[in-house]
Amino acid sequence: MSTNTRGQWGTKIGFIMAAAGSAIGLGNIWRFPYTVSENGGGAFVLIYILCVLLLGFPLLITEIALGRMNQKGTVSAFETKKYTFLKIIPFLAILTSFMILSYYVVIAGWIIGFLFITLFKINVNFTEFISDAKYTLSFTILFFLATIFIVKAGISKGIEKTSKIMMPLFFIIILGIATRTMFLDGALAGIKYYLQPDFSKITGNVFLSALGQSFLSLSLGMGVLITYGSYLDKKTNIITAAFWVTIMDTLIAIFAGLMIFPAIFAFGKEPQAGPTLVFTILPEIFNAMPFGNIIGALFFLLLSIAAITSSISVFEVSTAHAIDQYKWSRQKACYILGTIGIIFAIPSALSTGANQFLSTELSINFFGKIQTGLIDILDFSFGTFFIVITTLLISIYAGWFSNLTHLKQEITESSPNFNKKIIGVIPSQLFLILIRWIIPLIILIILADIMNLI
Ligand code: PHE
């Protein structure tokens with residue numbers, strides 16, 4: 001196969017593993033647990049699950065179908081001659097994916113760093129590590145190079161093969177660590193802290209966080225599933241594939257908290273560390289365990305696997321775009337975009353201490369929510385706000401501007417039950433009501449609420 005032709009998934013399970021690999025990432029293991037504990041515990045989990053089922057799952061089906069329908073990357077999937085303004089959607093999606101990747105690789109770089117620190121018991125603490133440009137830059141670049149290397153190898157030989165090996169390994173490690181920590185003495189208090197519902201904390205911003213978290217976690221709104229869907233053969237049942245990805249992603253997110261919080265409580269630590277939780281408290285806990293360095297290294301290996309199977313999916317979005325649109329070879333696209341990506345990541349790598357302006361002076365006030373430091377600003381603007389906006393636009397595009405008959409056919413072709421009456425409802429009709437009305441309305445109400453418009 002020449003580097004210029006579009007690739008295809010070798011097997012159905014390969015596609016599911018790659019899509020699940022994209023979905024299951026730092027969002028699940030690093031971001032979800034502290035977001036839950038900050039936003040009302042079990043009450044947030046309930047809202048999150050509702051967002052996933054009512055919005056995330058149908059949107060996942062939509063994005064995959066849009067991709068497969070056109071057999072092209074994100075931009076060409078929005079085939080619209082009449083409404084040129086809709087062309088903004090794929091560009092927003094690519095921008096969002098690129099900006100998310102720019103800070104995601106920095107956090108992934110910390111993880112690779114901590115993998116070594118834990119395994120070899122190197123004496124560097126988290127604050128020292130993230131404020132030292134030589135550490136953050138080198139590990140960020142190392143991680144980015146690994147991402148480029150896999151994407152350069154192509155769809156089935158690079159992305160699919162990596163995901164098929166790494167995802168099962170991931171499941172084994174997470175199961176092993178969670179069983180170990182859930183049976184520690186005092187673990188129950190951690191589970192309570194993590195999941196006890198506190199409805200008094202639920203505000204418009206919490207809804208937005210749940211929405212943003214669910215979209216980010218499922219890799220929606222970034223063109224990932226449109227791109228991955230474009231490499232899918234017509235036989236694969238889109239609905240079951242989307243179902244498995246949704247279930248795995250959600251269970252792993254909830255499970256991640258069950259792996260982390262019991263350990264924190266069992267060792268009498270304070271759980272409020274937020275985003276730094278896995279880098280500050282967990283290494284201490286690992287230190288106190290027999291063979292702690294091995295368990296700790298396994299934990300960071302788990303996070304690295306989660307991170308790389310997600311970063312390759314985001315990097316593939318712009319690579320596919322360059323291949324389809326500019327007719328670049330895969331290799332050329334990877335080198336050029338990789339260089340731009342690394343340049344984009346540098347400011348984030350310096351924004352956790354190495355550069356004072358980027359770390360503590362830069363801040364934005366987003367409708368009363370203040371974010372300081374470039375990583376937090378990017379994570380909020382793109383990882384929560386823009387991702388919600390782009391996903392909203394994708395839903396509006398699919399529901400109102402795309403060829404609905406074609407879209408419905410695309411899904412039905414591999415899932416005949418989509419158009420048959422099941423317990424009194426026809427799934428395809430329900431699906432259309434969701435993407436045309438319910439999903440856009442829910443998102444708009446939440447956005448209006450945080451902007452104090454209602
Ligand atoms: N779904 C990923 C996660 O949960 C988010 C992500 C997707 C990040 C793609 C980078 C690229 O971590």
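Just follow the structure's listing: the first ligand is 1, and inside any ligand the first atom is 1.
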| request: Report yes if the side chains of Phe386 and Ile100 come closer than 4.5 Å at any heavy-atom pair, otherwise no. | output: no
| field | Min side-chain heavy-atom separation Thr319-Arg330 under 4.5 Å | value | yes
| Would you call Lys234 and Glu410 a salt bridge, using N to O less than 4.0 angstrom? | yes
| Residues Glu63 and Arg68 bridged, charged N to O under 4.0 Å |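 Answer for the salt bridge query: no.
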| OH/Tyr135: more than 12 non-hydrogen atoms of other groups inside 6.0 Å | no
| message | Show me, by chain and number, every protein residue that has a heavy-atom distance under 4.0 Å to ligand 1. | response | Ser22, Ala23, Gly25, Leu26, Gly27, Asn28, Tyr104, Leu216, Ser217, Ser219, Met222, Ser310, Ser313, Val314
| said: For Gly21, is there any backbone N or O sitting under 3.5 Å from a side-chain donor or acceptor partner on Thr309? | reply: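 Judged by distance alone, yes, a pair lies under 3.5 Å.
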